[in-house]
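Let me begin by presenting the structure, written as structure tokens, before commenting on it.
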Amino acid sequence: MADGLALHQPEWNAAVELLKLRREQLSAQDPTISGWNVGLNSGEAAGQTVFHAPWHLIPRREEDCEEPRGGVRGVIPAHQSY
């Protein structure tokens with residue numbers, strides 16, 4: 001499957017459960033993690049370079065960047081702040 005948004009419901013459910021499991025594991029290993037971004041690049045224009053269902057679980061920490069508002073939307077500067 002080259003597009004994460006094209007997953008069938010059981011596959012989507014399994015992906016979300018895996019994200020939750022990894023979140024729990026990473027949180028247990030690193031107590032400095034205080035937030036998460038979840039990204040899914042779908043299509044070349046969105047930055048997808050490997051054509052599989054690319055889910056990204058990104059651990060975040062207090063003050064890991066100057067302005068975290070906007071989350072993954074930060075790749076589009078005009079949409080980062082709101």
Side-chain angles (χ1 to χ4, degrees):
M1 178 76 46
D3 183 352
L5 293 175
L7 295 174
H8 294 101
Q9 192 64 54
E11 297 164 325
W12 184 274
N13 294 346
V16 171
E17 288 305 312
L18 184 57
L19 289 170
K20 289 178 182 180
L21 175 63
R22 285 300 291 150
R23 180 185 64 180
E24 290 173 16
Q25 292 169 338
L26 292 169
S27 291
Q29 292 173 5
D30 186 347
T32 67
I33 298 171
S34 56
W36 301 91
N37 289 111
V38 176
L40 174 63
N41 298 337
S42 184
E44 193 171 341
Q48 184 177 5
T49 57
V50 178
F51 292 90
H52 59 258
W55 293 77
H56 304 273
L57 180 63
I58 305 162
R60 302 296 306 271
R61 293 158 183 86
E62 293 294 324
E63 301 179 8
D64 65 358
C65 70
E66 188 174 317
E67 181 55 70
R69 287 183 62 184
V72 294
R73 295 185 317 151
V75 298
I76 305 173
H79 293 193
Q80 185 170 10
S81 297
Y82 55 90

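Position 1 is the first residue of the sequence, and the numbers go up from there.
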Which residue pairs pass the ring-ring contact (aromatic ring centres under 6.0 Å, His included) test with at least one member in residues 25-45, sequence neighbours excluded?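 Every candidate ring-ring contact (aromatic ring centres under 6.0 Å, His included) pair involving residues 25-45 fails, so no pair, neighbours aside, qualifies.
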
Exercise: identify the closest heavy-atom pair between [X] and [Y]:
X	Y	answer
A53	G4	CB-CA, 3.7 Å
P59	I33	CB-CD1, 3.7 Å
H52	V50	ND1-CG1, 2.8 Å

Can you name the ring-ring contact (aromatic ring centres under 6.0 Å, His included) partners of W12, sequence neighbours left out?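 W12 satisfies ring-ring contact (aromatic ring centres under 6.0 Å, His included) with W55 once adjacent residues are dropped.
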
Which residues satisfy the side chain to side chain donor-acceptor pair (under 3.5 Å) test with [X], sequence neighbours excluded?
X	answer
R23	none
T32	D30, R61
E24	none
Q25	R22

Rounded distance (nearest 0.5 Å) linking atom CG of L7 with atom CG of N13: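 Between L7 CG and N13 CG, I get 10.0 Å after rounding to 0.5 Å.
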
Side-chain donor-acceptor pairs of residues 37-47 under 3.5 Å, sequence neighbours excluded:
unit_1, atom_1, unit_2, atom_2, d
N37, OD1, R60, NH1, 2.7
S42, OG, D3, OD1, 2.6
S42, OG, D3, OD2, 3.4

